[in-house]
**Q** 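One structure follows; several queries about it will come next.
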Amino acid sequence: MVGVIFRPRVEFDLDHYPRIRVWDPKAGHDRYVYLHRLTAYAHGEIDDLWSELHVHHVDEDRWNNHPDNLEARSPDEHTNYHLNGGVLS
């Protein structure tokens with residue numbers, strides 16, 4: 001794992017989504033903010049970093065965090081999409 005030792009810490013792992021570890025004062029502990037969620041928030045796709053909405057990568061490339069490649073979906077819709085082979089039901 002490559003990352004910065006001090007808070008906030010950016011973590012990159014080829015098997016996981018890139019993420020930043022940050023202090024959440026509401027929760028009273030560190031939490032992870034995934035870079036695709038941060039990008040979606042910054043560009044208005046989601047209005048709350050901690051929203052239950054999933055942020056989907058349109059091209060399914062977890063490293064492509066361009067705003068045009070991200071879209072918010074309900075957890076059920078997102079799960080069904082992936083379980084149905086990429087077809088929205």
**Q** List for me each residue that meets ring pair (Phe, Tyr, Trp, His ring centres under 6.0 Å) alongside H78, sequence neighbours excluded, and say none if there are none.
**A** H54, H56, H82

**Q** Which hydrophobic side chains are connected to Y17, either touching it within the sub-4.5 Å cutoff or through other members that do?
**A** Y32, Y34

**Q** More than 12 heavy atoms of other residues, nucleotides or ligands under 6.0 Å from CD of E52: yes or no?
**A** no

**Q** With hydrophobic residues grouped by side-chain heavy-atom distances under 4.5 Å, do V58 and L38 end up in a single group?
**A** no

**Q** Heavy atoms only: give me the nearest W63-P18 pair and the separation to one decimal.
**A** CZ3-CG, 3.3 Å

**Q** Using the test side-chain contact (heavy atoms from CB on, under 4.5 Å), find all partners of D76 that sit at least two apart in sequence or belong to another chain.
**A** S74

**Q** Could you tabulate the donor-acceptor pairs under 3.5 Å formed by side-chain atoms of residues 40-47, not counting sequence neighbours?
**A**
| residue | atom | partner | partner atom | Å |
| --- | --- | --- | --- | --- |
| E45 | OE2 | A72 | N | 2.8 |

**Q** Treating D59 as the side-chain partner and N64 as the backbone partner, does any N or O pair qualify as donor plus acceptor under 3.5 Å?
**A** no

**Q** Compare every heavy atom of H29 with every heavy atom of W23, then report the nearest pair and how far apart it is.
**A** CZ3-CA, 3.3 Å

**Q** Taking only residues two or more places apart in sequence or in another chain, which ones pass salt bridge (charged side-chain N to carboxylate O under 4.0 Å, His left out) with R31?
**A** D24

**Q** Can you name the nearest heavy-atom pair linking H36 to L70, along with the distance?
**A** O-CD1, 3.4 Å

**Q** For H57, which residues count as a side-chain hydrogen bond (donor to acceptor under 3.5 Å, both in side chains) partner, sequence neighbours excluded?
**A** N65

